[in-house]
2 protein chains.
Amino acid sequence: MRRGLDKMTVLKAAAELADREGFDKITLASVAKKLQIRLPSLYNHVEGLAGLKKELALYSIRKLKNQLAEAAIGKSGAEALYSIGIAYVSFVRRHPGLYEAMMGAPDFLNPDIQAAGNEIVALLLHVLEAFELDPINAIHTVRGLRSIVHGFASLELRKGFNMDVNTDESLIHILHTYVAGLTCKE
Amino acid sequence: MRRGLDKMTVLKAAAELADREGFDKITLASVAKKLQIRLPSLYNHVEGLAGLKKELALYSIRKLKNQLAEAAIGKSGAEALYSIGIAYVSFVRRHPGLYEAMMGAPDFLNPDIQAAGNEIVALLLHVLEAFELDPINAIHTVRGLRSIVHGFASLELRKGFNMDVNTDESLIHILHTYVAGLTCKE
DNA sequence: TATTATAACTAATATGATTAGTTTTTCAAG
DNA sequence: CTTGAAAAACTAATCATATTAGTTATAATA
């Protein structure tokens, strides 16, 4: 068999293109050009543009999950939450296009994407055990943490924050405030 | 002058299409079909597809701003924050496609969009006066509130939450926790 | 060395965006 | 009324991209 590209090479090319030029610049034409092949040849590796984007979303969430898990190593409680939160935002800053590929997926109902998402949820639930929340509260809290880091990263990516005030400090402040709200009841 | 469509009619058609079919289904072709005109005729009202999306983003953020302002009427302090947060998420639920048009804008550097965004920030800062935060903390807190509501709405829209636990309760829980963190220092 | 699966290719078609240039209609000025 | 200008529709042509069908070339392996 003629050994040329494989799927991962295509995905990495698309990811780099997305991070460098923007997610909306991903077209089969632009990816093919970057790989120096003709456009239809990509169909040997991915199922069209929709397939490429779906695979890219999966690639993205798995990479994110790994980095979040790594950030939690050797930490616990509030310290672990801060580390994970910072890692999340850092991932989006380093991989803006790839992150958009993940959020740009029509929805998260794809089983593989859901599985990776569940691992992130499980990681957060595990860290939250130190807070001894009842199960329902723990779910609410995971949703809160995810909303905070995704919302923050997403708004920052869109240049939604005026740049006069340092954004790193904002992230820390927000996480501290939320965690304070978890611990000091009333 | 021949009186036919105007820009607002085009925008409303596109908004309805986005909310009903999804933001990605907005094309000049689909909008023209809905309006029963030929595609190139749209160029009399908007500057191509990019222009339409930019106008739609502006239309969206202004509408959102109005509904947030309305939600704050007659309320203050924490109660006002909850009301605004719920109104934000409610807007996204009622106008998923329009909200995506707003977040899908390449960035918020457009002056008109920034102006509308600043009004939302000003509204939140005004409500936060009751908390007597120092100015920098107030900025961080506004960013926190925006991150929470945008992140929550965005994840919910993408079906990012398992549906076993009620999402309305999650939103209340998150806002309560964050506000608790603001008030009970340490 | 011959076979075969794979991965590239060319060619053709469809949809959508855009531009250029034309026609039609309505309002308002004469 | 008539007529002329402006606005808003149109047709036609071009370009880019995605997709499908069918073909060719190559490399692993039998």
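Everything numeric in this text was worked out from a predicted model, so none of it was measured. In what follows, chains carry the letters A, B, and so on, assigned in the order in which the sequence lines appear, proteins first and then strands, with residues in each chain numbered from 1.
For D:dA7, its base never sits under 3.5 Å from the side chain of B:Asn44 at any donor and acceptor pair.
Within the cation-pi definition used here (under 6.0 Å to the ring centroid, within 45° of the axis), B:Arg143 does not qualify as a partner of A:Phe152.
B:Ile37 places its CD1 atom 16 Å from the P atom of C:dT25, with the value rounded to the nearest Å. Nucleotide C:dG16 holds its P atom 13 Å from the OH atom of B:Tyr43, rounded to whole Å. Note: CZ (A:Arg38) to P (D:dA16) measures 14 Å, nearest angstrom. At whole-Å resolution of the value, NE2 in A:His45 and P in C:dA7 are 6 Å apart.
Rounded to 10 degrees, the angle between the two end axes of the helix from C:dT1-D:dA30 to C:dG30-D:dC1 is 0°, with five pairs used at each end.
Distances were taken from every side-chain heavy atom of A:Ala29 (C-beta onward) to each of C:dT18, C:dC9, D:dA18; the shortest belongs to D:dA18.
Counting any heavy atom pair closer than 4.0 Å across all strands shown, B:Thr27 reaches sugar-phosphate atoms only and no base atom.
Every pair passing side-chain hydrogen bond (donor to acceptor under 3.5 Å, both in side chains) that includes a residue from residues 33-43 of chain A is listed here, sequence neighbours excluded: A:Glu16-A:Lys34.
Using modelled atom types, one side-chain atom of A:Asp19 and one backbone atom of A:Leu98 make a donor-acceptor pair closer than 3.5 Å.
For A:His176 and A:Tyr82, the ring centers are positioned less than 6.0 Å apart.
The aromatic rings of B:Phe91 and B:Tyr99 sit perpendicular, their planes meeting at an angle over 60°, well past the 30° parallel limit. The aromatic rings of B:His173 and A:His140 sit tilted relative to each other, their planes meeting at an angle between 30° and 60°.
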